[in-house]
Amino acid sequence: MQEAPGTNKSSARGSKTIPNELYFTRKLLEWHHRDNRREMPWKGIHDPYKIWLSEIILQQTRVSQGLSYYLRLLAAYPSIEKLATASDAEVMKLWEGLGYYTRCRNMLRTARIVMTNYKGQFPASFEKLLELPGIGPYTAAAIASFAFRLPYAVVDGNVSRVLSRFFGIETPIDTTNGKQLFAQLAGRLLDSREPGVYNQAIMDFGATVCMPQQPICGLCPLGKKCTARQNGVVHRLPVKEKAVMKKIRWLAYFVFEYQGKWCVQERTDKDIWQNLFEFYAVETEGAMEWTQPVIVEWLQQQGIRRFQLNHISALYTQLLTHREIRAVFIRVKLSGIPHFLKNHRWIAVQKMKTLPFPRVINRWLDEGFEQPIWGKAGPAK
DNA sequence: AACACGGGGCG
DNA sequence: CGCCCAGTGTT
């Protein structure tokens, strides 16, 4: 459900708006008028076809990446009729390389629906726009406000970020609750006299001042009343709940022991745990059954002839933001240092605690192996 | 509510 | 590498 059209007239008459909301809209529009020099071909125009085309292209796509596609598609299909009568393959060829190819198919579907059902004219209605394939709440609000000057507030990544920071809202933006909250707030902030201008302003502001990574708070015209800035929490807003578990990584740690020393290595790759230490690691693509016969064969393949397999641990897991680590620890006592471990570091067992390890390794050191080496008191918890 | 869908820019 | 981008559709 889209929030009801905004009621903020950017004047003191708005009965329910709190002072900060009026301040926000006024300062934002001042900034847009005074400092915003972000020029784009689709800005300031009211042709629904061009607005729609640009919005579809820009879904989850940076302006710098989508611009050339917009120009090429518009040149090839100057009107929605030209687009609607083009062949699927021809349009897809022009979309090639932009990604999210469902957008292209839905774009064509919508062009044909508009031709047959609406006589080639996009409906000047938020609800009707929303029914068209590839047009969701954001795009419907964008077309409604830019093309038809209807009072609907857009809520995209820029908007939710700017609002979460200025008003200090910690509700995750990617939940049903959060989406509803930000849509409501955005609707109240909207300047209903010029919805399109306001929507341009807040998105440009998010893209050029209140950026995701390094916002230019020093130059921010709203900084005086920005809640996040006052509280020093700009960097951790907006909050996102979804931490998609992209990949499980399977690690086998071989704890090689030789003359009271353990073999360790430092992680230096551009990867997790940079500059932390670990044991000799074997990473596999999928789950690997590190049973005794498998381990013995693996050791022999490495040219290790004399060894003593002391222990195979249970599976240890560690959750990272976008990874899940699953590690098994394999203790092997050697009677010599094999060639492939010549350049590794060998640390006295008593000194292990002085090195930095990932949590999953520390947990194994603390509780994971049968014969304690820290002494009967055990390691510090 | 969770997931799939792409490719590129940036630190 | 991790994060994010003028989000939407499906299950």
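It should be emphasised that the depicted structure is a prediction, and the values quoted were computed from it without experimental measurement.
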Give the nucleotide from the list C/dG9, C/dC5, C/dA6 with an atom nearest to the side chain of A/Asn106. C/dG9

side-chain N/O A/Tyr101 vs B/dG7 OP1/OP2, d < 4.0 Å: yes

Under a 4.0 Å heavy-atom cut-off, which of residues 50-72 of chain A touch DNA chain B? A/Gln60, A/Thr61, A/Arg62, A/Gln65

To the nearest Å, give me how far apart CG (A/Leu98) and P (B/dG6) are. 11 Å

Under 6.0 Å between the ring centres of A/His32 and A/Phe205? no

Interatomic distance at P, B/dC3 relative to C/dA6, whole Å: 25 Å

Cation-pi check, A/Arg72 onto A/Tyr69 ring (under 6.0 Å, within 45° of axis): yes

Measure the acute angle between the ring planes of A/Phe256 and A/Trp298, then classify it against the limits of 30° and 60° as parallel, tilted or perpendicular. parallel

Could you walk me through whether A/Lys240 and A/Asp174 pass salt bridge (Lys or Arg N to Asp or Glu O under 4.0 Å), step by step? CA-CA 6 Å; A/Lys240 292 188 182 180; A/Asp174 53 356; over 6 Å; no

Can you check the A/Leu237 CG to C/dC4 P distance for me, whole Å? 12 Å

Does a salt bridge link A/Lys93 with A/Glu96, judged by any charged N lying under 4.0 Å from a carboxylate O? yes

Compare the minimum distances between each of C/dT8, C/dA6, C/dG7 and the side chain of A/Tyr100, then state the nucleotide with the smallest one. C/dG7

Rounding to a whole Å, what distance do you find between A/Asp174:CG and C/dC4:C1'? 13 Å

So, are A/Asp88 and A/Arg112 salt-bridged, with charged N and O less than 4.0 Å apart? yes

When you look at CZ of A/Arg149, are more than 12 heavy atoms from neighbouring residues, nucleotides or ligands closer to it than 6.0 Å? no

Given DNA chain C, 5'-ward residue of the pair A/Ile135 and A/Arg161, judged by closest heavy atom: A/Arg161

P spacing across the pair B/dG6 / C/dT11, given as an integer number of angstrom: 15 Å

So, with a heavy-atom separation below 4.0 Å from DNA chain B, the residues of residues 196-216 of chain A are none

Sole candidate of A/Tyr316, A/Trp262, A/Phe254 that passes ring pair (Phe, Tyr, Trp, His ring centres under 6.0 Å) when paired with A/Phe329: A/Tyr316

Determine the contact category for A/Met107: base if any of its heavy atoms lies under 4.0 Å from a base atom, sugar-phosphate if only primed atoms, P, OP1 or OP2 are that close, otherwise nothing. nothing

Quick one: is the NZ or CZ of A/Lys225 closer than 6.0 Å to the six-membered ring centre of A/Tyr23, and within 45° of its axis? yes

Roughly, in whole Å, what's the span from CD1 in A/Ile173 to P in B/dA2? 15 Å

Determine the contact category for A/Arg105: base if any of its heavy atoms lies under 4.0 Å from a base atom, sugar-phosphate if only primed atoms, P, OP1 or OP2 are that close, otherwise nothing. nothing

May I ask you to say what A/Trp42 touches in the nucleic acid, namely base, sugar-phosphate or nothing, with a heavy-atom cut-off under 4.0 Å? base

In whole angstroms, how far is the P atom of B/dG6 from the CH2 atom of A/Trp95? 11 Å

Want to settle it: does A/Arg103 or A/Asn177 sit nearer the 5' end of DNA chain B, counting the closest nucleotide to each? A/Asn177

How many Å lie between CG on A/Leu130 and P on C/dG7, as a whole number? 16 Å

If the threshold is 4.0 Å, N to carboxylate O, is there a salt bridge linking A/Asp191 and A/Arg26? no

Between C/dA6 atom P and A/Tyr138 atom OH, what is the distance in whole Å? 9 Å

